[in-house]
Colleague: 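Take this structure, written in structure tokens, and hold onto it; I'll ask about it next.
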Amino acid sequence: AHDALLCTFSSEEEDDLPEPCPWEIEEALQVIDGRKLEVCSWILQQELPVTTLETARHFKVSQRQVCRLLHHTLVQLSEVA
């Protein structure tokens with residue numbers, strides 16, 4: 001249920017969004033560090049999309065902590081953009 005917090009658009013809208021270029025991803029990763037970078041890098045390395053629950057289990061933290069970390073990361077990235 002908490003995984004839905006990360007997805008605020010429908011799958012139809014998702015088809016309209018262009019996939020970010022590798023250099024755009026690398027540029028964004030330059031802005032973050034520490035645990036945020038570790039979690040984001042791990043998520044990006046997965047072949048298939050992962051849930052916040054899977055991410056929490058991998059890093060041995062709560063799902064709430066993962067949601068907070070991702071929220072703070074997105075806020076940080078949006079302030080730079």
Side-chain angles (χ1 to χ4, degrees):
H2 293 347
D3 289 336
L5 295 174
L6 295 176
C7 184
T8 59
F9 53 86
S10 72
S11 59
E12 290 177 8
E13 293 175 33
E14 185 177 345
D15 294 339
D16 295 339
L17 296 175
E19 190 71 26
C21 298
W23 64 268
E24 291 174 311
I25 294 170
E26 287 299 320
E27 191 174 283
L29 291 175
Q30 300 289 325
V31 176
I32 58 176
D33 60 5
R35 188 68 156 180
K36 292 176 186 176
L37 179 59
E38 183 181 0
V39 171
C40 290
S41 294
W42 181 81
I43 290 171
L44 290 167
Q45 290 171 1
Q46 304 313 300
E47 288 185 34
L48 298 173
V50 293
T51 65
T52 55
L53 182 57
E54 292 169 318
T55 305
R57 286 180 179 156
H58 178 80
F59 288 99
K60 297 177 178 56
V61 298
S62 72
Q63 188 174 7
R64 184 178 186 137
Q65 287 174 298
V66 171
C67 289
R68 285 183 175 172
L69 181 137
L70 293 174
H71 169 77
H72 292 297
T73 303
L74 291 172
V75 168
Q76 183 179 355
L77 290 172
S78 68
E79 289 172 352
V80 173

Colleague: Exactly one of Thr51, Val50, Thr55 should register a side chain to side chain contact (heavy atoms under 4.5 Å, CB included) with Leu53. Which one does?
Modeller: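 Passing option: Thr51.
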Colleague: Determine the minimum heavy-atom distance between Glu54 and Pro49, stating which atoms define it.
Modeller: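 Closest approach of Glu54 to Pro49, heavy atoms only: OE1-O, 4.2 Å.
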Colleague: If the condition is ring-ring contact (aromatic ring centres under 6.0 Å, His included), which residues does His72 pass it with, not counting sequence neighbours?
Modeller: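 Applying ring-ring contact (aromatic ring centres under 6.0 Å, His included) to His72 gives none.
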Colleague: If you look only at distance, which donor and acceptor atoms sit under 3.5 Å apart when one is on a side chain in residues 30-41 and the other is two or more places apart or in another chain?
Modeller:
| from | atom 1 | to | atom 2 | distance (Å) |
| --- | --- | --- | --- | --- |
| Arg35 | NH1 | Glu38 | OE1 | 3.3 |
| Arg35 | NH2 | Phe59 | O | 3.3 |
| Lys36 | NZ | Gln76 | OE1 | 3.0 |
| Ser41 | OG | Leu37 | O | 2.8 |

Colleague: Are Val75 and Leu29 connected into the same hydrophobic cluster when the rule is that any two of I, L, V, M, F, W, Y join if their side-chain heavy atoms are below 4.5 Å apart?
Modeller: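 Shared cluster, no.
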Colleague: Quick one: side chains of residues 17-28, donor-acceptor pairs under 3.5 Å with protein atoms, not counting sequence neighbours, listed by atom name and distance.
Modeller:
| from | atom 1 | to | atom 2 | distance (Å) |
| --- | --- | --- | --- | --- |
| Glu24 | OE1 | Cys21 | N | 2.7 |

Colleague: Give, for atom OG1 of Thr52 and atom CD1 of Ile43, the distance between the pair rounded to the nearest 0.5 Å.
Modeller: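 Between atom OG1 of Thr52 and atom CD1 of Ile43 there are 9.0 Å.
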